[in-house]
Structure formats: C-alpha cells, structure tokens
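First the structure, in the form of structure tokens, and then the observations on it.
All values below were derived from every heavy atom in this structure, side-chain atoms included, with hydrogens, water molecules and symmetry-related copies excluded.
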Amino acid sequence: MPYWHYPGTMGWAGGVGMLVLMALILAAVVSLVVVLARRAPLPPSPGDTARRILDERFARGEIDEEEYERRRDALTRTR
C-alpha cells in the first residue's frame, strides 16, 4: 500500500498545498513590511531643519527681512 493511503498522511497534494500556503504567508509578510516602510516618515535633512529654524526666527521677529533673505540664500547655495 502506498504511503499516502495511510491514515495521518497528507500525500503529494497536501505537500503542494502546504508549500503554496507557506509562499502566501511569506508574500503577506513581505508586503506588510513594504507598506510599513513606505509609511514611515523620513528624518528631516540638516538643511530642512536649518531652514525651519530660520523661518521661525523670522516669524518671531528675531531677525529682519534683509537678514532672513541673506541667510536663506546662503542656505540655498550650500545645497
């Protein structure tokens, strides 16, 4: 009697089904990792942080418009 006729064995169809199930689980895990990685915010670059600080200082009135434009242009040139 072939082995797939014994009680408790899955046979070749069960083996293929298990392989397909494992491939689907792996694909789901990889897809989840890709989706979560794309949603994660990127850390700001140093130039963006410097520009944000400069904008905040100008908004608070710590520097005048001429100083703001001079520093903004300096930040833009270094990139």
Side-chain angles (χ1 to χ4, degrees):
M1 183 181 280
Y3 76 90
W4 57 84
H5 288 282
Y6 292 114
T9 60
M10 294 187 299
W12 70 270
V16 169
M18 193 67 89
L19 184 65
V20 168
L21 181 63
M22 292 301 292
L24 288 173
I25 290 172
L26 181 63
V29 169
V30 168
S31 298
L32 181 63
V33 168
V34 168
V35 166
L36 291 177
R38 288 185 178 178
R39 288 182 148 198
L42 295 175
S45 68
D48 291 340
T49 304
R51 176 64 187 268
R52 183 180 52 79
I53 292 171
L54 182 63
D55 290 343
E56 289 173 1
R57 289 187 64 197
F58 180 64
R60 286 192 299 259
E62 294 177 11
I63 57 177
D64 61 0
E65 186 176 357
E66 182 182 327
E67 180 72 10
Y68 171 77
E69 290 175 357
R70 187 179 63 79
R71 291 181 184 217
R72 184 193 59 205
D73 292 343
L75 285 174
T76 306
R77 277 194 311 265
T78 58
R79 284 186 179 181

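- Salt bridge status for D55 with R51: present, with a side-chain N to carboxylate O gap under 4.0 Å.
- Residue pairs satisfying the ring pair (Phe, Tyr, Trp, His ring centres under 6.0 Å) criterion with at least one member in residues 51-75, sequence neighbours excluded, are listed as follows: F58-Y68.
- Grouped with L36 in one hydrophobic cluster are L32, the linkage being side-chain heavy-atom contacts under 4.5 Å among Ile, Leu, Val, Met, Phe, Trp and Tyr residues.
- To the nearest 0.5 angstrom, L19 atom CG is 10.0 Å from L24 atom CG.
- Every side-chain hydrogen bond (donor to acceptor under 3.5 Å, both in side chains) that E67 has, sequence neighbours left out, goes to R70, R71.
- Residues satisfying the side-chain hydrogen bond (donor to acceptor under 3.5 Å, both in side chains) test with R72, not counting sequence neighbours, are none.
- The side chain to side chain contact (heavy atoms under 4.5 Å, CB included) search around R60 returns E56, R57, E62, not counting sequence neighbours.
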